[in-house]
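Data block below; observations after.
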Amino acid sequence: MKTELIKDILTSKPDGRIVTVCGWVRTMRDSKNLVFIQVNDGSCFANIQLTFDRTNPSNPNNANEIENALSNISTGASLKATGKLIESQGAGQAVEVNLETLEVLGKCPSDYPIQKKAATMEFLRENAHLRGRTNTFGAVFRMRSQMAYAVHTFFQERGFFYINTPEITGSDCEGAGEMFQVTTLSLEKLAEVAIEKGAAGMKKEDAAKLVNYGKDFFGKPVSLTVSGQLEAETLATSLGRVYTFGPTFRAENSNTTRHLAEFWMCEPEMAFFDLNDDMDIQEEFIKYLLNWALTKCSEDMEFFNKRIQPGVIDTLKHVVETPFKRVSYTEAVAELEKHADEFEFKPYWGCDLATEHERYLTEKIYKCPVMVYNYPKEIKAFYMKLNDDGKTVKAVDVLVPGLGEIIGGSEREESYDKLLARINELGLKPEDYSWYLDLRKFGTVPHSGFGLGFERLLLYVTGMQNIRDVIPYPRAPKLADF
Ligand code: 4AD
Ligand code: MG
């Protein structure tokens, strides 16, 4: 059954040719002689209008069949229709289809949850398997696809190779201990053994010995990745410029509108890039993505602008045209300290920037995207390049209004000795990082990279308020439905 997409039919000439339309009914209006059916197939925001005029003498003589089908149609029903594509008589659409045949593929009973009355986002989240049929989620998921396409195009146009880093890994890239352990050992069995051995009176060290990783699938403890960066570095220091783009997992207990336990991260890694090169390409990248949304997804953007976040189009346009503000962490904290009474957590040199600080910088002080660089080493990951001051590292976070952090990146420590010293200083085990240290031992080069949170990007572009609404099936604390 080859059918045309509604998006193609809507943009073709209304020359009276016969078209076949397949989709789901959004609304039907049946007024004595005239029937109007709005059908959507997800290919674009707009519906196509099917019309049937009972008084039209040139109707095909299958009126009974059509009437029978019409009696089985309600919001949500799926159908296949054929008819003449003509210029629309009514306002609101350029073309319409005069029904010639109508087949109901699947009826839709009245307990269909996606009715016309505006449902809350919470309700739609509970019905995530059907929410793609609403205007909002159709637009969001089309945008998600477009932004992924744009990510690939941006890097492919610039000589980057798309690589795939492992989802199951033994290393905690960010060192935050927020990993989901992957195991085939049975927790129930372990509990039984523990009871048998009288675990209640056992010392902690002895209890830990009850777990025999030798019997686990991989023969050692492993987890879902929090970042593909370390492995990406091995390929950047062989292929030059690479990027990974895939699912990333964090077991952080953050029940916020900006955190997911499973999110997508795009992580480019570039040999011979210093921190300034890194910041340049981050800015170019974000502008490229926003410009793509504005120019290639205008129909869905119009909807976001009208119904989701008034003004979002102007905001994105402004960002595309304005240079990002670059400030050192030290300058940023000095600015924040001037407004100390505005914050729940008082800012001071050495503190990790909280969301309230990040948003204040980008929304109140600079009023544009801000790149904060050279953070104190204590609040950043072990792999970042130490500055000559011995106190700060070549890290950068990109902060945007309404959201806070959208990108985290850095120049990587390329000195074997300095990296080893940092690993030891943090109490990490050098043997766990031997392959990573090898990159510094054998032909080390300056290199940099960053991670863009894909759902954070989507929040920014669509103006949606909750990160759980820009991924089809969100995972968060106590939430893993579907
Ligand atoms: O700042 P992060 O933790 O940086 C890294 O993981 C580096 N290894 C990246 C690199 O240099 N290759 O995470 C990067 C971005 C954040 O800026 C944020 O946009 C997003 O990933 N992110 C999350 N998005 C949704 N839910 C979460 N729990 C997120 N944690 C980070
Ligand atoms: Mg970060």
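Indexing begins at 1, ligand by ligand and atom by atom, following the structure's order.
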Q: Report the part of I407 (side chain from C-beta onward, or backbone N, CA, C, O) that has a heavy atom under 4.0 Å from ligand 1; answer both or neither where that applies.
A: backbone
Q | Which segment of E269 sits under 4.0 Å of ligand 1 when only heavy atoms are counted | A | neither
Q: Can you sort out the partners of S227 under side chain to side chain contact (heavy atoms under 4.5 Å, CB included), two or more places apart, ordered by chain and number?
A: C173, E174, Q229, R250, M265, E267
Q: Heavy-atom distances under 4.0 Å are what count here, so tell me which part of Y383 touches ligand 1: side chain, backbone, both or neither.
A: side chain
Q | Contact atoms of ligand 1, heavy-atom distance to S227 under 4.0 Å | A | 6 (O), 8 (N)
Q: Would you check whether F249 reaches within less than 4.0 Å of ligand 1, judged by its heavy atoms?
A: no
Atom pairs and distances, side-chain donor-acceptor, residues 333-344, under 3.5 Å, sequence neighbours left out:
from, atom 1, to, atom 2, distance (Å)
E335, OE2, K338, NZ, 3.0
H339, ND1, Y360, OH, 3.2

Q. How does I467 reach ligand 1, if at all, at less than 4.0 Å between non-hydrogen atoms: by side chain, backbone, both, or neither?
A. side chain
Q: Compare all side-chain heavy atoms of F137 with those of M121 and state whether any distance is below 4.5 angstrom.
A: yes
Q.
For the residue pair N387 / T392, report whether a side-chain donor-acceptor contact shorter than 3.5 Å exists.
A. yes
Q: Indicate whether any N or O donor in one side chain lies under 3.5 Å from an N or O acceptor in the other, for S328 and N374.
A: no
**Q.** ring-ring contact (aromatic ring centres under 6.0 Å, His included) contacts touching residues 402-433 (sequence neighbours left out)
**A.** F382-Y433
Q | Near-ring test Y149/W292, centroid separation under 6.0 angstrom | A | yes
Q: Starting from atom 18 (C) of ligand 1, find the nearest protein heavy-atom neighbour and note its residue, name and distance.
A: R456 NH1, 3.4 Å
Q: Run the numbers for me: atoms of ligand 1, each under 4.0 Å from some heavy atom of G408, listed by number.
A: 1 (O), 9 (C), 10 (C), 11 (O), 17 (O)
Q: Tell me the protein N, O or S atoms under 2.8 Å from the Mg ion (ligand 2), in chain and number order.
A: E405 OE2
Q.
I need the nearest protein heavy-atom contact for atom 5 (C) of ligand 1: residue, atom name and distance, please.
A. E174 OE2, 3.4 Å
Q | Ion pair check, D481 and R125, cut-off under 4.0 Å | A | no
Q: Under 4.0 Å, heavy atoms only, figure out whether ligand 1 is touched by the backbone of H259, its side chain, both or neither.
A: both
Q.
Under 4.0 Å between a side-chain nitrogen and a carboxylate oxygen: does that hold for E414 and K385?
A. yes
Q) Heavy atom of M265 under 4.0 Å from ligand 1? A) yes
Q.
As an exercise, identify every atom of ligand 1 less than 4.0 angstrom from a heavy atom of I406.
A. 17 (O), 19 (O)
Q.
Tell me the protein heavy atom at minimum distance from atom 26 (N) of ligand 1, and give that distance in Å.
A. L260 N, 2.9 Å
(Q) Is the contact between F263 and ligand 1 made by the side chain, the backbone, both, or neither, using heavy atoms and a 4.0 Å cut-off? (A) side chain
Q) Only one of F273, F285, F155, F245 forms a ring pair (Phe, Tyr, Trp, His ring centres under 6.0 Å) with F160, so which one is it? A) F155
Q. For ligand 1, which atoms sit closer than 4.0 Å to a heavy atom of R258?
A. 25 (C), 26 (N)
Q: Can you pull out the closest protein heavy atom to atom 6 (O) of ligand 1? Residue, atom name and distance to 0.1 Å, please.
A: R250 NH2, 2.8 Å
Q) Is any side-chain heavy atom of W264 less than 4.5 Å from a side-chain heavy atom of E455? A) yes
Q) Short question: side chain of R258, backbone of L403 - any donor-acceptor pair under 3.5 Å? A) yes
Q. What is the closest protein heavy atom to atom 15 (C) of ligand 1, and at what distance does it sit?
A. G451 O, 3.5 Å
Q. Which residue holds the protein heavy atom closest to atom 17 (O) of ligand 1, what is that atom called, and what is the gap in Å?
A. E405 OE2, 2.6 Å
Q) Looking at atom 12 (N) of ligand 1, what's its closest protein heavy atom, distance included? A) E267 OE2, 2.8 Å
Q. What are the two closest non-hydrogen atoms of T462 and M143, and how far apart are they?
A. CG2-CG, 4.1 Å
Q) Are the side chains of Q115 and T75 in touch, meaning some heavy atoms are under 4.5 Å apart? A) yes
Q.
Give me the residue, atom name and distance of the protein heavy atom closest to atom 20 (C) of ligand 1.
A. G453 CA, 3.6 Å
Q: Run the salt-bridge test on R422 and E425 with the 4.0 Å N-O cut-off and return the result as yes or no.
A: yes
Q. Which is it for E252 and ligand 1 at heavy atoms under 4.0 Å: side chain, backbone, both or neither?
A. side chain
Q) Going by an N to O cut-off under 4.0 Å, is there a salt bridge joining K287 and E321? A) no
Q) Are the ring centres of Y329 and Y373 closer than 6.0 Å? A) no
Q) Can you find a non-hydrogen atom of R412 under 4.0 Å from ligand 1? A) yes
